[in-house]
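Below is one structure, written out as C-alpha cells, with a few remarks after it.
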Amino acid sequence: MPCVRPCARVFYPSRISPVYQQFMTDIAVIGGGIAGLSAAIYACRAGRSVVIFEGNMFGGQIVYAGRVENYPGIVSIMGPELADDLRNQAFALGAHSESRHVTGIEVHRDRKIVICGDAEHEFRSIIICTGTESRKLGLKNEELLTGRGVSYCAHCDGSFFKGKTVVIAGGGNTALDDGVYLKELCAKVYIVHRRSEFRGNPVTVKRLERTPNVEFILESEITALLGESELQGVTVRNKKTGATKNIACRGLFVAVGRVPKNNIFLPYVRLDGNGYIETDDEMRTATDGIFAAGDCRRKKLRQLVTAASDGAVAATKALEYLEADLKSAVYS
Ligand code: NAP
C-alpha cells in the first residue's frame, strides 16, 4: 500500500492514478532501461506505488542493441521488442511513468525530491537507474554536426546513409557490431581504431576482415571533422607515423564506449574516479533510501542480465527500507 503520510509540496505526474494523489508515492525509479524496468516490476508486484522517470525511450540501450541473444531463457529477440515487453509488463503491474528528464534530487530527511527543471516530485525512496551515455570524441564541431552526419547509434541512423561511405570510430564490440550492420547498407565502411588490435570479439573481426566493402584503419585516430553544416569527411592521423589523410564520408558513427552521467545526484551519492555510483552489494548508496542499479553504478560486468539483477535487488532493498520507515513512523 502507498504511504499515508501527507506531503506538502508534491507535484504529481500526469499518469499517476488519482488515488495516489492523496499520498506520497513510494518509489521513484529514475531511468527506464532494463535495470529501472526490472526494479519497477519487483516493486509493483509487492504492491508499492512506482513512478518511472524516463526522458527518452523506454528500454535504454537495448533499444539500440539489434538482436539480443544473451538473455537467459530468451533464445533470440530484437532489442526494441524486449524493451516493449518489459515496459508493458511494468505498466500492466501498475507502474506509472513521467516523460521528463530529471535534473537533480534533494533529500529532506525521509522525503526524497526528484527535480525535473522547475517541477518537483516527492517520494519515499529513489532507485537511480540512469545507465550511461555515449562518449564523445571531443572534436571541434562534433556537437554541431551531430544529426548532420555524426551519429552515436548505427541501428537508429544507419538507413540515412544507404549507398554512402561511412566511418566508424572505435575498437570494441559496439564498433564491430556497427560494422556488421552498416556493411549491408553502405557502399564503403571504414573502421578507425587507435590500437593495432581490436578489443571486441575476434570472430566478428575475422568476419569483417573478409568483407570487401569494409576497411580497417588501425593505430589511427580521427583528428578533425570536415564540413560546415553537414559532415563531408574526417581527417585521420596515423599514431605511429604521424601521417594524416582525409576520408570523404557522409556519416561518422562514434562507438568509443559510454560514460556515466551521475553528477546530478551529488552530494547524495558517492562517485568513484570514473563517475560511477558507489553502492554496496545491496544497491545502497551513501544516502538512506536512495539506491542505484544497472550500468550507472560501479560494477565489473555491465550486461542486460546484471542490470536486471541489480534492479531486482534494489527494489527488494527499497521495499525493506519502506517497511522500516513506516514502522519507525508508527512507533515514533
Ligand atoms: P568498449 O568495449 O569500452 O570499447 C570502446 C572502444 O572505443 C575501445 O576500443 C576504445 O579504445 C575506444 N575508445 C575509447 N575512447 C576513445 C577515444 N576518445 N577515441 C578513440 N577511441 C576511443 O565499448 P563498447 O564497444 O561500446 O562496448 C561496451 C560493452 O558492451 C562491452 O562490455 C562490450 O563487450 C559490450 N557489448 C557487447 C556486444 C555484443 O556482445 N555483441 C555488443 C556491443 C557491446 P581502446 O581499446 O584503446 O581502449
Side-chain angles (χ1 to χ4, degrees), residues 33-35 59-72 74-80 82-83 131-143 145-146 150-158 166-184 189-208 216-225 234-240 244 247 252-261 272-276 294-310:
I34 192 158
Q61 271 190 75
I62 39 170
V63 172
Y64 312 115
R67 190 164 289 283
V68 174
E69 295 182 337
N70 59 358
Y71 198 79
I74 300 175
V75 176
S76 178
I77 189 169
M78 293 308 289
L82 179 58
T132 52
E133 63 187 358
S134 303
R135 179 181 283 125
K136 311 288 182 287
L137 287 171
L139 295 172
K140 191 171 166 224
N141 283 350
E142 186 171 349
E143 200 177 329
L145 294 172
T146 297
V150 176
S151 166
Y152 300 85
C153 179
H155 287 271
C156 320
D157 300 331
V166 297
V167 171
I168 297 167
N173 277 319
T174 302
L176 297 174
D177 284 1
D178 287 357
V180 171
Y181 180 67
L182 293 170
K183 74 182 173 53
E184 302 298 331
V189 178
Y190 293 96
I191 304 182
V192 178
H193 178 38
R194 64 187 180 184
R195 294 188 199 274
S196 57
E197 290 194 353
F198 285 98
R199 184 197 282 215
N201 186 350
V203 176
T204 316
V205 174
K206 287 227 154 43
R207 189 171 159 202
L208 289 169
F216 296 157
I217 304 181
L218 299 177
E219 296 182 274
S220 299
E221 59 190 359
I222 297 171
T223 53
L225 305 177
V234 297
T235 303
V236 174
R237 188 179 76 93
N238 183 297
K239 292 180 78 175
K240 263 172 103 178
T244 60
I247 298 174
L252 168 65
F253 291 90
V254 181
V256 295
R258 303 187 63 84
V259 286
K261 41 183 174 180
D272 73 4
N274 294 316
Y276 291 99
D295 286 8
C296 66
R297 77 179 189 99
R298 185 172 72 171
K299 60 195 286 192
K300 292 224 168 88
L301 184 63
R302 292 193 171 82
Q303 292 281 301
L304 293 180
V305 68
T306 61
S309 158
D310 280 8

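In each ligand, atom 1 is the first atom listed, and ligand 1 is the first ligand listed. Below, each value reflects all heavy atoms present in this structure, side chains not excepted, and no hydrogens, waters or symmetry copies.
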I need the nearest protein heavy-atom contact for atom 4 (O) of ligand 1: residue, atom name and distance, please. Gly172 CA, 3.7 Å
Would you say Arg207 has more than 12 foreign heavy atoms packed within less than 6.0 Å of its CZ? no
For ligand 1, is there an N or O atom under 3.5 Å from any N or O atom of Gly171? yes
Mark whether atom 32 (O) of ligand 1 lies under 4.0 angstrom from at least one protein heavy atom. no
Tell me which protein heavy atom sits closest to atom 36 (N) of ligand 1, plus the residue, atom name and distance to 0.1 Å. Asn173 CB, 3.8 Å
Look up atom 29 (C) of ligand 1 and tell me if a protein heavy atom lies less than 4.0 Å from it? no
Mark whether atom 47 (O) of ligand 1 lies under 4.0 angstrom from at least one protein heavy atom. yes
How close does the nearest protein non-hydrogen atom get to atom 44 (C) of ligand 1, and which residue and atom is it? Thr174 OG1, 3.4 Å
Minimum-distance protein heavy atom relative to atom 45 (P) of ligand 1: Arg195 NE, 3.2 Å
For atom 41 (N) of ligand 1, is some protein heavy-atom partner under 4.0 Å away? yes
Nearest-neighbour protein heavy atom for atom 7 (O) of ligand 1, which is reported as residue plus atom name and distance: Val256 CA, 3.1 Å
What protein heavy atom sits nearest atom 23 (O) of ligand 1, and how far away is it? Gly257 CA, 3.5 Å
Ranked by distance from atom 39 (C) of ligand 1, the top protein heavy atom is Asp177 OD2, 3.8 Å
Measuring from non-hydrogen atoms of Arg302 to any atom of ligand 1, is the shortest distance under 4.0 Å? no
Pairs of nitrogen or oxygen atoms closer than 3.5 Å, one from Arg258 and one from ligand 1: do any exist? no
Please confirm whether the backbone N or O of Tyr181 pairs with a side-chain atom of Lys183, one donor and one acceptor, at under 3.5 Å? no
From the list Val189, Asp157, Val167, side-chain contact (heavy atoms from CB on, under 4.5 Å) partner of Phe253 resolves to Asp157
Is the shortest distance from atom 14 (C) of ligand 1 to a protein heavy atom below 4.0 Å? yes
What is the nearest protein non-hydrogen atom to atom 17 (C) of ligand 1, stated with its residue, atom name and distance? Arg194 NH1, 3.5 Å
Rounded distance [0.5 Å steps], CD in Gln61 versus CZ in Arg302: 10.0 Å
Glu143, CD: over 12 other non-hydrogen atoms inside 6.0 angstrom: no
Matching residue for Val234 among Leu139, Thr223, Ile247 - test: side-chain contact (heavy atoms from CB on, under 4.5 Å): Ile247
Measuring from Asn70:CG to Ser76:OG, what's the distance to the nearest 0.5 Å? 10.5 Å
Between Ser220 and Leu218, is there a donor-acceptor pair closer than 3.5 Å when you use the side chain of the first and the backbone of the second? yes
Aromatic ring proximity Phe198/His193, centre distance under 6.0 Å: yes
Is there any N or O on Gln303 that sits under 3.5 Å from an N or O of ligand 1? no
Has the side chain of Asn141 got a donor or acceptor atom that lies under 3.5 Å from a matching backbone atom of Leu145? no
Should you measure from each heavy atom of Arg135, which atoms of ligand 1 turn up under 4.0 Å away? 14 (C), 15 (N)
I'd like to check whether Lys136 has a polar contact with ligand 1, where a contact means an N/O of the residue lying under 3.5 Å from an N/O of the ligand. no
Does the residue Glu221 have a heavy-atom contact with ligand 1, meaning some pair of atoms that are separated by less than 4.0 Å? no
In terms of side-chain geometry, is the basic nitrogen of Arg297 or Asp310 positioned less than 4.0 Å from the acidic oxygen of its partner? yes
Verify the neighbour count for atom CD of Glu197: are there more than 12 heavy atoms of other residues, nucleotides or ligands below 6.0 Å? no
Decide whether an N or O pair under 3.5 Å exists between Asn70 and ligand 1. no
Backbone N/O of Val203 and side chain of Asn201: donor-acceptor pair under 3.5 Å: yes
